[in-house]
Amino acid sequence: MASRFQAVTLVDSPSYPNSIAWSDENLIAVASGHLVTILNPALPFGPRGLISINRSEPYPIGAVKREDLASGCLLTTTLNRDPRPSVRSVSWSNLGMAPNSGCFLAVCTTEGHVKLYRPPFRDFCAEWIEVLDLTDRLYDYLASISFEDPDIPPSEISNEPVTNHGYVDDPTDSVSVEEQKRRKVNNFGVRNAGLETSCDQISRGPSPSPELEGQGPPKGRCTKSGGRKSSHQIVPATRGRGRSAKKPPEVCSLPLITADQYASRSAMLSSLVVAWSPLLKLSSRICGAPEINSSICFSLLAVGSKSGKISFWRINVPEYYSIEQSLAPTRVELIGILKAHSSWVTAISCALLASDSSSPQVLLATGSSDGSVRIWIGHGEEFLKSTEVNNAPFYPLKEIINIYAVPVSVLALMPTQSLHKMLLAVGRTSGAIEVWIGDTSVKTFNKAGPYDAHDQVVTGLAWAFDGCFLYSCSQDNFVRSWSLRGSSLSEMPIPSSSPGLRSVSDMPDVFISCLGLVVSPSNLAVAMVRSFDVNQLDHMYEARLQKAAVEFFWIGGHQKDILSNTSLEFDIEALPGFTEKELVYWESNILWSLKQYEHWDKPLVIWDIVAALLAFKWSAPDYVDHVLVKWLSSSFVDVHVERSIGKVLPHVCKSFCKAASRQLHLLNIICRQVILPELNADEINSNLLNFTVDNPNFAQDKQHKLWMDLLSRSEKELRERLVGISFSAYRSFASNSATTSSEPGYWYPFGMAQMEQWVANNNHQVHDQLKVVATEIKTCKRSRCIELAEEDKEQCSYCSAPVPFESPEFGVCRGMESNGSSGQQHKLARCAVTMLVCPITPLWLCKCCQRWISKLAPESLFKMPQQYCLDYKFSPEPSSIKVASKPQCPFCGILLQRSQPEFLLSPLPV
């Protein structure tokens, strides 16, 4: 049986499938009851983020007669008694959607609301910040078209009153906002309608409380604008009975509708599931927009509802990223509503089809409570050109009908590396799973299964290792692993051997169900959320605070490829509990994961790789050296060399000038986090300034010296590339008489004087071509009106004393003289990009190398491919140098963030 390597408890238990999601910035969101708990898997017992779901006021969709409350279509609504809404579905956006370049979290509640949340990067709190309520916007659109009912004009649904013929007043139209706040709420959460003196005139039907198992109408947030969103509850339209001190109002803003109309409108607003599409980038040629326009980079959010329809929202990336401003511009637009099914939409999965990047295609899989599954395809340019909301830009590829109408609970869609190929896993409430293998170019789909995988509802499906493995979990508390070979799916046990197994014996092992699972970004671990059987817990202590738990299991020991006669060049006795084959599989999977990150556009989130290597290093450091030697040999060394760390590292250093920037970023992270974890980042940065292999003051271990030398040379290579790009860009701006202020979306070189000084200080190490360009830059600055002369004379931010340039990492001011003696000196951090002294404003921080950045690096630095040739004499046009698509560290390549106090949650990609 597999053993978890870490676990953490939750204060509330999930209630719906797919209750866990893993973000591209290494955060885990768990839908646990009325809360969304956000964890950092690198610090599972550390700070947490929180989203608390509160009740919302209903929308004014209409009034129905009292005798219609017993109609079959309204029984699930009128009999509902859920006292508080809970979370039904969560989904992370891609990296770069939030104002700080992080991820948005979309949350769907049992009230049918869908809201977007961002991390509190500048708010210094644990509660995440609500950005937008998409259901409000959906209501506005549906009200403008009378909920597709031609018999009722839009004016009657929104604000214009109609004559009272047995109608009941909307409370906010007849009562002031202050008086509404004083109203009492009964045990069912029904707000007293009408005036206090005429309460007896109104026959109060039970208000639609938040749903249980997807039943009941949605509710809206109460606003102060005309009572527009104040009464989505069922209001009976009967004449008053009993006493009344005041005459009933004569007008009402709500139209009288039938029970079927009310149920139909409720279904339109009752969202059940949310799913983000991958980030779509369109060329300016296709969309007809300027190159820097953010409209060519966006993501789609699909929202499925009880009506069988899916609304698609196009959300553009911010025009710029900031850690100072929380409300960077974000455009949100409803681009289409698709009638996908005739019953509830219970599952949605999106994927980007491997095709021409200039015109990306989105695959969409939808599942319904009637058992049907449909596969759709949409083209990127049509998402921008879509003007008719009723015509969603998706076209059907395949419909899967289940003859027994078994509802679909979860879907997992994944494109393969082969062009136009895709894999779709379908989980049903019966416990069965199906796998469909499709070719979208010829619209052929082959079925593998069904398999009676579980005894109860399938609550989670996740692909791993490029579709080689599928993981499933169920309400029966079982988690299973499946291997896909060709068109055959076979069950395989989850590897029982676990590197660096931690003791979690203090957690009770009395789970009753599993409500979701997710695979880590590097595919080496899986996280699952399970609910405790509270009847078996200590009711005084455990049952109060431990309702569920998130468990982490290693899956790196799976056999991904069929390895022929592969033997391990390592003594396995150093790793008790592991067979030789398991170590070979671990080696193969770690190398595969590292290879995936050599693509520059894949976010560098290698926490599980680093954690696995560290776990092995504690017990068998030679095995880690063996794995890293293989990776270095395949990535950096072209010729065959002896398989030893001492022989490989010198060859790696010689190949840096031909290595891709992403390869150097990976190497730097491995050096800092795996090889030198006992040294903190500041110590490493200090040692790198004057590091030489022969210096006796550094690490006594010869192998550590070789790794330090490797890290030093790698970072100098990256800095040299950054300086070369800056020199070329500066010369281009100078020759074109461009202004010094950079345009939005473009990058402008700063710190020319500091970069020149750095080249002079490292004259014996930099390329000769860079020295020549540095000389030309000096000549260029003398021959024109120098607008950047102030960079030569930097001042201390605290005492205004001059700060000479001595190091690219920090500067020390000379101190202001007072009474003939020099004043206090201040040590100031320098920007890792420009080498300028950082200002006293919020700065970007790299969580790996702990460097500060005030100006972002250009995108071209991160895109440099393997075997590149940087021509320092080439002067690019000013409009061709763009700011990095996301704030990234120039030396580690990971996402930058704002520094947070230790008691607040922050992501750790490494």
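Quick caveat: nothing in here was measured; it's all calculated off a predicted structure.
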Nearest 0.5 Å, what's the [atom1]-[atom2] distance between [X] and [Y]?
X      : Y      : atom1 : atom2 : value
Ile315 : Ile335 : CD1   : CD1   : 10.5 Å
Lys306 : Trp344 : NZ    : CH2   : 4.5 Å
Leu105 : Ile129 : CG    : CD1   : 13.0 Å
Ser311 : Leu301 : OG    : CG    : 7.5 Å
Ile590 : Asn523 : CD1   : CG    : 12.5 Å
Leu364 : Ile375 : CG    : CD1   : 9.5 Å

| query | Is there a side chain to side chain donor-acceptor pair (under 3.5 Å) between Ser369 and Ser343 once you walk through the steps? | reply | CA-CA 6 Å; Ser369 59; Ser343 186; 2.5 Å; yes
[Y] backbone acceptor or donor facing [X] side chain under 3.5 Å:
X      : Y      : answer
Asn100 : Ser322 : no
Lys339 : Ser307 : yes
Ser277 : Leu300 : yes
Tyr117 : Ala106 : no
Ser271 : Gly112 : yes
Arg480 : Cys473 : no
Arg428 : Val406 : yes
Ser349 : Leu413 : yes
Arg662 : Lys602 : yes

| request: Run the salt-bridge test on Glu333 and Arg137 with the 4.0 Å N-O cut-off and return the result as yes or no. | output: no
| message | Between the side chains of Lys863 and Glu859, is the shortest nitrogen-to-carboxylate-oxygen separation below 4.0 Å, so that they form an ion pair? | response | yes
Side-chain donor-acceptor pair under 3.5 Å between [X] and [Y], yes or no?
X      : Y      : value
Glu598 : Ser635 : yes
Ser522 : Asp608 : yes
Arg374 : Ser372 : no

Contact summary for [X] and [Y], nearest pair of heavy atoms:
X      : Y      : value
Ser342 : Asp370 : OG-OD2, 3.3 Å
Gly380 : Phe298 : O-CZ, 4.1 Å
Gly378 : Phe394 : N-CD2, 3.6 Å
Tyr597 : Val605 : OH-O, 2.7 Å
His558 : Ser481 : NE2-OG, 3.1 Å
Pro14  : Ser19  : CB-OG, 3.5 Å

Quick check: do [X] and [Y] have side-chain heavy atoms less than 4.5 Å from each other?
X      : Y      : value
Phe862 : Ser661 : no
Lys281 : Leu279 : yes
Ser299 : Ser93  : no
Val274 : Ser91  : yes
Val114 : Asp133 : no
Thr366 : Val373 : no
Met528 : Leu515 : no
Trp482 : Trp463 : no

| Within 45° of the six-membered ring axis of Tyr16 and under 6.0 Å from that ring's centre, is NZ or CZ of Arg88 located there? |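 Satisfied, under 6.0 Å and within 45°.
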| said: More than 12 heavy atoms of other residues, nucleotides or ligands under 6.0 Å from NZ of Lys443: yes or no? | reply: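 Check fails, neighbour count at 12 or below.
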| field | Set of side-chain contact (heavy atoms from CB on, under 4.5 Å) partners for Val458, sequence neighbours left out | value | Ser409, Val410, Ile433, His454, Leu461
| task | Determine, stepwise, if the pair Arg118 / Glu130 fulfils salt bridge (Lys or Arg N to Asp or Glu O under 4.0 Å). | result | CA-CA 7 Å; Arg118 66 161 178 84; Glu130 179 184 336; over 6 Å; no
| request: May I have the step-by-step check of side-chain contact (heavy atoms from CB on, under 4.5 Å) for Leu423 and Thr416, ending in yes or no? | output: CA-CA 7 Å; Leu423 299 173; Thr416 64; 3.8 Å; yes
| message | What verdict does the side-chain contact (heavy atoms from CB on, under 4.5 Å) test give for Leu134 and Lys115, after you've listed the backbone C-alpha separation in whole Å, the side-chain angles of each residue and the deciding distance to 0.1 Å? | response | CA-CA 6 Å; Leu134 291 179; Lys115 298 182 180 181; over 6 Å; no
| task | Take Ser520 and Trp607, measure what side chain to side chain donor-acceptor pair (under 3.5 Å) needs, and give me the verdict at the end. | result | CA-CA 9 Å; Ser520 65; Trp607 161 79; over 6 Å; no
| task | Go through Leu666 and Leu604 one step at a time and tell me if the side-chain contact (heavy atoms from CB on, under 4.5 Å) criterion holds. | result | CA-CA 8 Å; Leu666 274 171; Leu604 259 180; 3.6 Å; yes
| message | Under the rule for salt bridge (charged side-chain N to carboxylate O under 4.0 Å, His left out), what residues qualify as partners of Lys398, not counting sequence neighbours? | response | none
| request: Answer with yes or no after comparing the ring centroid distance for Trp592 and Phe465 against a 6.0 Å cut-off, counting only values under it. | output: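 Centroid separation for Trp592 and Phe465: below 6.0 Å.
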| task | Report the C-alpha separation of Val526 and Val518 in whole Å, then their side-chain angles, then the decisive distance to 0.1 Å, and conclude whether the side-chain contact (heavy atoms from CB on, under 4.5 Å) test is met. | result | CA-CA 6 Å; Val526 63; Val518 64; over 6 Å; no
